[in-house]
Amino acid sequence: MSTSPPDPVELPTFAQVPDIRLIAVDMDGTLLDPGHRIDAALWPLLDELERRGVAFCPASGRQYATLARQFGAVAERFVFIAENGAYVVRRGVELSSDVVERDVVVRIVEAVRTLGASGADVGAVVCGKRSAYVERRDDAFLAQCDRYYALLEHVDDLTTVQDEVIKVAVYDFGSAQETTVPGLEEFSHTHQVVVSGEHWVDVMNPSAHKGAALARIQAALGITSAQTMVFGDYHNDIEMLAEADWSFAMANAHPDVRAAARYLAPGNDENGVVRTIAAVLGIPMGEPA
């Protein structure tokens, strides 16, 4: 994300309330505040969206189990885009998945090991349907993983994991863009190598991204791009923004994301997602329940 303070962004106003039927929202840097918390004003808004028949879709690089835990008892209402689009779950049932071939997983793990041996402070997370797996066990690395993976298993050798793998994530304590991306360059010709944050890179099948996942959800629900609203802040949100006529970049978004979106929303430090949804759909913002 941009390191300079963003210019103030006003809430959008439109002549008519659009017929929105699906709202997809990135989590980190978008819905979550800088402390990685959900604003209390979201909960009554979700109740009103359900009353209006608007589907709500958290869309994240996070594990499905982590997303479901964040939303608690109301998670069963939603459709989730997890693992940056590689795993989609609706009302607790898998809607789609995009499994990475085992030999590719092994090669990615070995490439991350090579990066580490060359001096880069990196660690791999093999993300399966049942759990996520790590072989690096120091507290600093596990603290970063625990934030995103509610189900996390320690193994001696990541190349022996027996699970359907949908993504390999790499955490870089330095700059993911400057160190990890070049180290995984060989995979960029055949797979998605996505920078999903300052320190995270995800490697997935070429067909796996948030945009493809959102398109599948739209088809399953019979919803058009003109009825879809999307919010994002980083590169892994760009394809998703392209699937919605009502695409919003956060004020704190990366410049590339701002360029890809049709509209701007106030930043995640101003509860921009909730306030923008309420403004666009004409929902009064009362006191949080």
Side-chain angles (χ1 to χ4, degrees), residues 26-28 57-71 75-76 78-116 122-138 141-172 176 180 183-184 186-188 190-197 199-210 212-213 216-217 236:
D26 172 58
M27 296 293 288
D28 292 280
C57 175
S60 175
R62 294 178 180 233
Q63 181 187 54
Y64 166 65
T66 303
L67 293 170
R69 182 179 66 181
Q70 282 182 294
F71 287 92
E76 62 184 20
F78 307 144
V79 54
F80 289 93
I81 295 175
E83 308 286 12
N84 270 329
Y87 197 44
V88 179
V89 177
R90 183 188 180 202
R91 298 185 183 275
V93 178
E94 178 183 323
L95 184 63
S96 68
S97 61
D98 208 326
V99 177
V100 181
E101 292 184 4
R102 178 176 172 76
D103 68 304
V104 176
V105 174
V106 170
R107 288 169 46 219
I108 296 169
V109 169
E110 291 175 343
V112 175
R113 290 173 176 170
T114 299
L115 272 172
V122 295
V125 184
V126 170
C127 305
K129 289 186 179 181
R130 295 194 305 269
S131 180
Y133 307 86
V134 294
E135 60 186 18
R136 179 170 169 171
R137 303 192 185 192
D138 57 284
F141 177 68
L142 293 180
Q144 299 301 324
C145 296
D146 287 341
R147 178 184 299 173
Y148 300 99
Y149 299 99
L151 299 178
L152 187 68
E153 293 186 20
H154 300 166
V155 297
D156 293 330
D157 184 353
L158 284 174
T159 65
T160 64
V161 166
Q162 299 298 312
D163 197 349
E164 290 185 276
V165 175
I166 48 185
K167 184 183 76 177
V168 179
V170 184
Y171 186 82
D172 189 327
T180 299
L184 300 177
E186 65 176 289
F187 301 100
S188 66
T190 56
H191 290 74
Q192 295 271 342
V193 180
V194 181
V195 179
S196 57
H199 302 288
W200 285 100
V201 175
D202 293 334
V203 185
M204 305 172 294
N205 283 338
S207 53
H209 52 74
K210 289 183 181 180
R216 286 193 289 270
I217 293 167
N236 59 327

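As the structure is a computational prediction, the values presented were derived from the model and not from experiment.
- Between R62 and E83 there is no salt bridge, since none of the side-chain N atoms of the basic residue sits less than 4.0 Å from a carboxylate O of the acidic one.
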Run Y133 and L158 through side chain to side chain contact (heavy atoms under 4.5 Å, CB included) and show every step you take. CA-CA 7 Å; Y133 307 86; L158 284 174; 3.8 Å; yes
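- A salt bridge links D156 to R137: one of the charged nitrogens lies within less than 4.0 Å of a carboxylate oxygen.
- From R216, atom CZ reaches atom CG of L95 across 8.0 Å, with rounding to the nearest 0.5 Å.
- Looking at every heavy atom in both residues, A132 comes nearest to Y149 through CB-CD2, 3.5 Å.
- Ring pair Y64/Y87 is perpendicular by interplanar angle, where above 60° counts as perpendicular and below 30° as parallel.
- Checked for salt-bridge contact, K210 and D26 meet the test: a charged N lies under 4.0 Å from a carboxylate O.
- Within the 3.5 Å criterion, the main-chain N or O of G61 finds a donor-acceptor partner in the side chain of K167.
- The distance from atom CG of D202 to atom NE2 of H209, rounded to the nearest 0.5 Å, is 13.5 Å.
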### Task
Run the numbers on V155 and T160 for side chain to side chain contact (heavy atoms under 4.5 Å, CB included), then give the verdict.
CA-CA 9 Å; V155 297; T160 64; 5.6 Å; no
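- If you run side chain to side chain contact (heavy atoms under 4.5 Å, CB included) between T180 and each of V201, V193, V112, only V201 comes through.
- With a 4.5 Å cut-off on side-chain heavy atoms, V122 and Y171 do not count as touching.
- Contact of the V93 side chain with the R90 side chain is not registered, since no non-hydrogen atoms from C-beta on lie closer than 4.5 Å.
- The side-chain heavy atoms of E164 and S97, taken from C-beta on, include no pair separated by under 4.5 Å.
- The distance from atom CD of E186 to atom CZ of R107, rounded to the nearest 0.5 Å, is 5.5 Å.
- Between H154 and L142 there is a side-chain heavy-atom pair separated by less than 4.5 Å.
- In this structure, the side chain of N205 does not engage the main chain of A208 through any donor-acceptor pair within 3.5 Å.
- Counting only distance, with no hydrogens or angles, the side chain of Q192 and the backbone of P206 share a donor-acceptor pair below 3.5 Å.
- Across all non-hydrogen atoms, the minimal contact from G183 to A111 is O-CB, 4.4 Å.
- Remark: R113 engages D157 in a salt bridge, criterion side-chain N to carboxylate O under 4.0 Å.
- M204 approaches V194 most closely through the heavy-atom pair CE-CG2, 4.0 Å.
- Atom CD of E101 has 12 or fewer neighbouring heavy atoms from other residues, nucleotides or ligands inside a 6.0 Å radius.
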Walk me through it: do V89 and V79 pass the test side chain to side chain contact (heavy atoms under 4.5 Å, CB included)? CA-CA 6 Å; V89 177; V79 54; over 6 Å; no
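- Looking at Q63, its side chain never comes within 3.5 Å of a backbone N or O of C127 through a donor-acceptor pair.
- Scanning both residues, A176 and G197, for their nearest heavy atoms gives CB-O, 4.3 Å.
- Rounded to the nearest 0.5 angstrom, F80 CZ and L67 CG are separated by 6.0 Å.
- Annotation: side chain of D163 is in contact with side chain of K129 (closest heavy-atom distance under 4.5 Å).
- In terms of modelled atom types and a separation under 3.5 Å, the side chain of H191 and the main chain of V203 share no donor-acceptor contact.
- Distance check, rounded to the nearest 0.5 Å: CZ of F71 to CD of E76 gives 14.0 Å.
- The shortest distance between side-chain heavy atoms of I166 and V100 does not fall below 4.5 Å.
- Put simply, the side chain of V125 does not reach to within 4.5 Å of the side chain of V170, judged on heavy atoms.
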Discussion item. Run T159 and V105 through side chain to side chain contact (heavy atoms under 4.5 Å, CB included) and show every step you take.
Written reply: CA-CA 7 Å; T159 65; V105 174; over 6 Å; no
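- A distance of 6.0 Å separates OG of S131 from CG of L152, quoted to the nearest 0.5 Å.
- Considering only heavy atoms from C-beta on, I81 stays 4.5 Å or farther from P58 through its side chain.
- Of all heavy-atom pairs spanning A212 and S207, the tightest one is CB-O, 3.5 Å.
- Ionic pairing of E153 and R130 is not present here: no N-O contact between side-chain nitrogen and carboxylate oxygen is shorter than 4.0 angstrom.
- Counting only N and O atoms by type, the side chains of S196 and N236 include no donor and acceptor under 3.5 Å apart.
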